[in-house]
Amino acid sequence: MTVQQWYDMIGQKDSVFDVQHPDRFKHATAVILCNILHLDSVTEKEELQEFCTLLKRDAGVTHAELDTSDKARLRSSIEEAAQVIKDELENDPVKMMEFMRMLNRFIMVDKCREDDYCIFEEVRELLFDQ
């Protein structure tokens, strides 16, 4: 499954990601994904660049939400996005695991860096440890 196919599943009936507010969920997903993906180093660079461009436009993600130089703002963005995902997935562990599985898949495509994995772990903790 490509990133785009996964994104298109959000809000679809009978999918794990059939959420009440698809736009809210897409925005939160975009914030997390675009903070994790390093578009300058991935093999599938064109697909992921196109995807992040679509996410920014479609989900209304601002440059401030993607500013990794401001660590406090980045943490706040990730915390807010994780809470939206948790709410939209109704705190269902199976649905949240599926979200984490897909997120992990995209990190692996991106040749996981330590910073990426730290964000992944932070999202996991925010979803499951609270």
Side-chain angles (χ1 to χ4, degrees):
M1 176 181 299
T2 66
V3 180
Q4 184 65 52
Q5 289 169 328
W6 179 64
Y7 183 76
D8 291 342
M9 272 181 25
I10 297 171
Q12 297 278 329
K13 295 285 182 214
D14 300 322
S15 85
V16 173
F17 304 111
D18 179 13
V19 295
Q20 188 172 358
H21 302 99
D23 291 340
R24 234 177 122 223
F25 189 83
K26 286 180 178 185
H27 182 270
T29 299
V31 167
I32 291 171
L33 277 176
C34 291
N35 274 305
I36 290 176
L37 300 177
H38 295 281
L39 300 176
D40 58 338
S41 65
V42 295
T43 313
E44 295 83 359
K45 182 177 179 176
E46 290 82 22
E47 178 193 349
L48 293 177
Q49 265 183 328
E50 183 180 313
F51 177 69
C52 258
T53 299
L54 167 77
L55 282 178
K56 290 174 192 174
R57 184 185 66 239
D58 188 44
V61 176
T62 66
H63 288 291
E65 290 172 303
L66 303 178
D67 180 7
T68 57
S69 65
D70 182 351
K71 298 300 181 195
R73 176 71 181 129
L74 174 61
R75 176 148 177 86
S76 175
S77 292
I78 297 295
E79 286 175 354
E80 290 170 19
Q83 188 58 53
V84 167
I85 288 166
K86 190 173 185 174
D87 293 346
E88 289 296 318
L89 295 178
E90 300 169 329
N91 206 21
D92 181 317
V94 173
K95 292 178 181 180
M96 291 188 304
M97 283 299 294
E98 182 64 19
F99 177 83
M100 293 304 297
R101 185 181 74 78
M102 294 305 292
L103 187 59
N104 186 59
R105 182 168 178 260
F106 300 134
I107 290 172
M108 292 300 136
V109 166
D110 189 34
K111 308 248 191 282
C112 186
R113 297 179 187 174
E114 189 173 336
D115 290 347
D116 305 334
Y117 199 72
C118 287
I119 293 174
F120 176 85
E121 281 298 309
E122 183 175 345
V123 171
R124 183 194 59 74
E125 288 172 13
L126 290 165
L127 292 180
F128 293 99
D129 293 346
Q130 293 183 1

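Along the sequence shown, the residues carry numbers beginning at 1.
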Worksheet item: Under the salt bridge (charged side-chain N to carboxylate O under 4.0 Å, His left out) rule, what pairs show up with a residue in residues 9-22, not counting sequence neighbours?
Response: none

Worksheet item: What are the two closest heavy atoms between Pro22 and Gly11, and how far apart are they?
Response: CG-CA, 3.9 Å

Worksheet item: With a 4.5 Å heavy-atom cut-off, do Asp129 and Arg124 have their side chains touching?
Response: yes

Discussion item. Are Ser76 and Glu80 packed together at the side-chain level, in the sense that at least one heavy-atom pair is separated by less than 4.5 angstrom?
Written reply: yes

Worksheet item: By side chain to side chain contact (heavy atoms under 4.5 Å, CB included), which residues pair with Met97, not counting sequence neighbours?
Response: Phe128

Discussion item. Distance check, rounded to the nearest 0.5 Å: Asp8 atom CG versus Ser15 atom OG?
Written reply: 11.0 Å

Worksheet item: Just wondering, do Leu126 and Glu122 contact through their side chains at under 4.5 Å, heavy atoms?
Response: yes

Item to complete: Could you pull out the closest heavy-atom pair between Ile32 and Ala82, with the gap in Å?
Response: CD1-N, 4.2 Å

Item to complete: Starting at CD of Glu90, measure out to NZ of Lys95 and round the result to the nearest 0.5 Å.
Response: 4.5 Å

Discussion item. Checking Val84 now: which residues fulfil side chain to side chain contact (heavy atoms under 4.5 Å, CB included) with it, not counting sequence neighbours?
Written reply: Arg24, Ala28, Glu88

Worksheet item: Can you tell me if Gln83 and Asp87 form a side-chain donor-acceptor pair at under 3.5 Å?
Response: yes

Worksheet, complete the sentence: Separation between CG (Leu89) and CZ (Phe99), nearest 0.5 Å, reads 7.5 Å

Worksheet item: So do the side chains of Phe25 and Gln20 get within less than 4.5 Å of each other, counting heavy atoms only?
Response: no

Worksheet item: Residues two or more places apart in sequence or in another chain: which of them pass side chain to side chain contact (heavy atoms under 4.5 Å, CB included) with Glu98?
Response: Val16, Phe17, Arg101, Met102

Practice prompt. Check Leu127 against Asn91 and note the closest heavy-atom contact, atom names and distance.
Written response: O-OD1, 4.3 Å

